[in-house]
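Given the structure is predicted, the values throughout are model-derived calculations rather than measurements. In this chain, residues are counted from 1 in sequence order.
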Amino acid sequence: MPPMKKIQILFHDAGGGHRNAAVALQTVISQQNRPWEVELVQFQDLTDQMDVLRKLTGIRIQEQYNIILRNGWTLGAKQLLRVLQTTVRLFHGPMVKLLSSYFRSHPAELLVSVIPHFNREIGEAWTAVYPGMRFVTLITDLADFPPHFWIEPMKEQYVICGTERAVEQARGMGKEESHIFATSGMILRPDFYVRDETDPEALRRQLGLQPGLSTGMLLFGGFGSKVMYEIAERLETAGLPLQLIVICGRNEKLAAQFRGRSWKMPLHIVGFTTEVHRLMRAADFLIGKPGPGSVTEAMVRRLPVILECNAWTLPQERYNTEWVREKRVGIVLKSFEEIVSGVKELLEPARLAEFRRNVGALNNQAVFEIPEIFAKLLAESGDGCKEEVTRGKETTQ
């Protein structure tokens with residue numbers, strides 16, 4: 001039998017969505033019994049020696065990003081983003097050299113990036129070592145935030161887009177149609193698609209909640225947010241007929257704060273969990289930040305959303321709120337200080353029925369579509385490229 005083709009997927013842990021995308025791809029490729037070896041590569045591990053912020057503070061750049069998210073220090077994020085991009089450009093040459101060395105000693109037939117900011121450096125290094133071998137960027141946001149975020153004006157880069165907006169942006173950047181692949185939505189772990197026949201009322205009882213009471217889910221990414229506590233306080237003070245599933249993620253301090261108070265409103269408090277898809281079965285709607293992961297999870301599990309968009313919203317996530325409005329699948333508030341009125345509006349029977357119809361009309365199958373895209377790209381690789389990979393493998397043996 002011919003040797004298995006190898007796919008490398010570059011990810012990092014700034015936020016949870018990039019690792020989730022990489023793991024989702026690896027999982028579904030295995031489930032589909034594709035004849036490929038999939039290697040997940042932590043990009044931060046490759047570039048630690050060039051992490052200027054770590055040298056100054058002792059903290060990895062991806063962890064600094066997560067600290068910002070946990071504490072809500074996102075005002076001025078656009079300016080910080082441009083500073084980061086300027087730093088990347090200053091170290092462009094050394095980074096290309098570093099990545100080229102890695103790719104040369106770790107050959108593969110296809111390179112996939114699920115991270116922003118560094119795709120120019122990744123693409124140049126890859127094509128320098130394996131000219132003509134395919135390099136694809138899987139956009140894990142609903143849209144690009146140009147310049148130099150996801151889509152680069154380089155011929156060699158292929159892009160996978162989960163929305164019409166992202167496709168339009170790729171065309172506007174001058175991408176050829178052959179280098180643009182559209183999917184039916186954003187990538188999501190395959191376990192969110194597992195059919196669940198659990199009775200929501202029975203699940204609520206199991207969670208210590210009331211079976212007949214409207215149930216919201218508070219979900220602000222894998223690291224939670226202190227604003228979740230403020231939201232819960234406002235909803236309890238309003239005395240709405242409501243209960244909450246509160247997912248604090250890895251924010252143990254926040255979970256302890258919730259558990260340390262006696263609440264009149266029924267709450268089910270969770271730390272980090274891989275069972276979000278199961279817990280969503282017990283919910284009627286989601287309250288959260290407009291991250292692409294949370295919004296996509298809610299849509300696949302048929303939950304309307306309540307989001308916030310203002311100066312503190314991360315710039316790359318602001319389009320997500322536009323998408324929610326366009327698709328009429330939820331409510332966007334100027335501030336979570338308006339959460340009580342937002343919940344009242346969403347729970348109006350006619351309004352809730354409309355949102356549920358619109359959410360139900362979506363059919364995101366992206367995670368199952370993307371391996372077909374990979375198969376096409378692998379098939380397109382030329383014989384000359386295969387020689388380059390073979391030569392690379394020989395040098396590492």
Side-chain angles (χ1 to χ4, degrees), residues 9-24 26-27 40-45 48 51 53-54 57-74 77 80 114-116 140-141 186-192 207-208 216-233 244-261 263 267-280 282-283 286-298 301 303 305 307-308 312-314 316-317 320 336:
I9 303 176
L10 299 180
F11 73 96
H12 60 42
D13 288 312
H18 308 287
R19 178 183 285 273
N20 287 343
V23 172
Q26 187 180 51
T27 301
L40 306 188
V41 181
Q42 179 22 305
F43 186 76
Q44 182 80 59
D45 290 343
D48 257 346
D51 189 340
L53 294 179
R54 186 182 188 185
T57 65
I59 305 174
R60 279 178 155 189
I61 188 170
Q62 62 186 27
E63 180 55 26
Q64 294 188 38
Y65 177 82
N66 294 329
I67 290 171
I68 288 172
L69 293 186
R70 280 197 293 270
N71 291 279
W73 299 335
T74 51
L80 290 173
V114 296
I115 62 175
T140 63
D141 284 307
M186 306 301 298
I187 188 170
L188 195 61
R189 295 201 322 264
D191 51 7
F192 276 86
L207 299 177
M217 174 177 281
L218 276 178
L219 177 61
F220 280 69
F223 297 93
S225 170
K226 63 180 182 180
V227 74
M228 296 167 63
Y229 192 86
E230 298 167 9
I231 289 171
E233 281 189 316
L244 295 175
I245 299 170
V246 182
I247 302 182
C248 300
R250 292 183 172 86
N251 195 330
E252 297 177 2
K253 180 179 178 181
L254 178 64
Q257 186 181 13
F258 268 104
R259 295 188 178 112
R261 171 173 171 164
W263 298 87
L267 296 184
H268 178 72
I269 303 159
V270 184
F272 176 75
T273 177
T274 59
E275 297 293 311
V276 171
H277 59 289
R278 187 181 72 89
L279 294 171
M280 282 183 168
L286 180 140
I287 304 171
K289 76 183 188 74
S294 299
V295 172
T296 302
E297 290 168 2
R301 301 305 284 182
L303 300 182
V305 296
L307 311 175
E308 175 191 64
W312 279 265
T313 304
L314 291 171
Q316 68 269 27
E317 295 183 349
N320 303 350
F336 280 125

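One distance of note links OG of Ser294 with CZ of Phe220; it measures 8.5 Å at 0.5 Å rounding. Rounded to the nearest 0.5 angstrom, Met280 CE and Glu275 CD are separated by 12.5 Å. Rounded to the nearest 0.5 Å, atoms CD1 (Ile287) and CD1 (Ile231) are 6.0 Å apart. Note that CG of Asp191 is 7.5 Å distant from OG1 of Thr274, once rounded to the nearest 0.5 Å. Taking OG1 of Thr140 as the start and CG of Leu188 as the end, the distance is 12.0 Å to the nearest 0.5 Å. We find the CE-NE2 distance between Met217 and His268 to be 8.5 Å, quoted to the nearest 0.5 Å.
Looking at residues two or more places apart in sequence or on another chain, you find a ring pair (Phe, Tyr, Trp, His ring centres under 6.0 Å) between Phe43 and Phe118. For His277, the ring pair (Phe, Tyr, Trp, His ring centres under 6.0 Å) partners are Phe192, not counting sequence neighbours. With sequence neighbours excluded, the residues that form a side-chain hydrogen bond (donor to acceptor under 3.5 Å, both in side chains) with Asp141 are Trp150. With sequence neighbours excluded, the residues that form a salt bridge (charged side-chain N to carboxylate O under 4.0 Å, His left out) with Arg261 are Glu233, Glu236. A search for salt bridge (charged side-chain N to carboxylate O under 4.0 Å, His left out) contacts involving Glu230 returns nothing, not counting sequence neighbours. Listed by chain and residue number, Leu286, Leu303, Val305 satisfy the side chain to side chain contact (heavy atoms under 4.5 Å, CB included) test with Ala298 (two or more places apart in sequence, or in another chain). The side-chain hydrogen bond (donor to acceptor under 3.5 Å, both in side chains) check on Arg301 picks up nothing, with sequence neighbours excluded. Annotation: side chain to side chain contact (heavy atoms under 4.5 Å, CB included) contacts of Thr27 (sequence neighbours excluded): Val23, Gln31, Pro190. Contacts of Glu308 classified as side-chain hydrogen bond (donor to acceptor under 3.5 Å, both in side chains), with partners at least two apart in sequence or in another chain: Asn310. For Tyr229, the ring pair (Phe, Tyr, Trp, His ring centres under 6.0 Å) partners are Phe258, Trp263, not counting sequence neighbours.
Closest non-hydrogen pair, Pro116 versus His12, comes out as CD-NE2, 4.0 Å. Residue Ala282 comes nearest to Leu207 through the heavy atom pair CB-CD1, 4.1 Å, listed as atom of the first residue, atom of the second, then distance. Residue Gln26 comes nearest to Leu40 through the heavy atom pair OE1-CD1, 3.5 Å, listed as atom of the first residue, atom of the second, then distance. Counting all heavy atoms, side chain and backbone alike, Thr313 lies closest to Pro290 at CG2-CG, 3.7 Å. Taking each heavy atom of Ile269 and Ala255 in turn, the nearest pair found is CG2-O, 4.3 Å. Minimum heavy-atom separation, Gly271 to Ile247: O-CG2, 3.9 Å.
When side chains are defined from C-beta on, Glu317 counts as touching Pro292, because their heavy atoms get closer than 4.5 Å. Put simply, the side chain of Val270 reaches to within 4.5 Å of the side chain of Leu279, judged on heavy atoms.
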side-chain contact (heavy atoms from CB on, under 4.5 Å) between Leu219 and Val246, worked out
CA-CA 7 Å; Leu219 177 61; Val246 182; over 6 Å; no

Check step by step if side-chain contact (heavy atoms from CB on, under 4.5 Å) holds for Ile245 and Leu218.
CA-CA 6 Å; Ile245 299 170; Leu218 276 178; over 6 Å; no

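Side-chain contact check for Asp13 and Gln44: no donor-acceptor pair (N or O, by modelled atom type) lies under 3.5 Å.
Cation-pi check for Arg250 over Phe272 is met; the charged atom lies under 6.0 angstrom from the ring centroid and within 45 degrees of its normal.
With His18 contributing its side chain and Ile115 its backbone, the two residues share no donor-acceptor pair below 3.5 Å. Checked by atom type and distance alone, the side chain of Asn251 never pairs as donor or acceptor with a backbone atom of Gly224 at under 3.5 Å.
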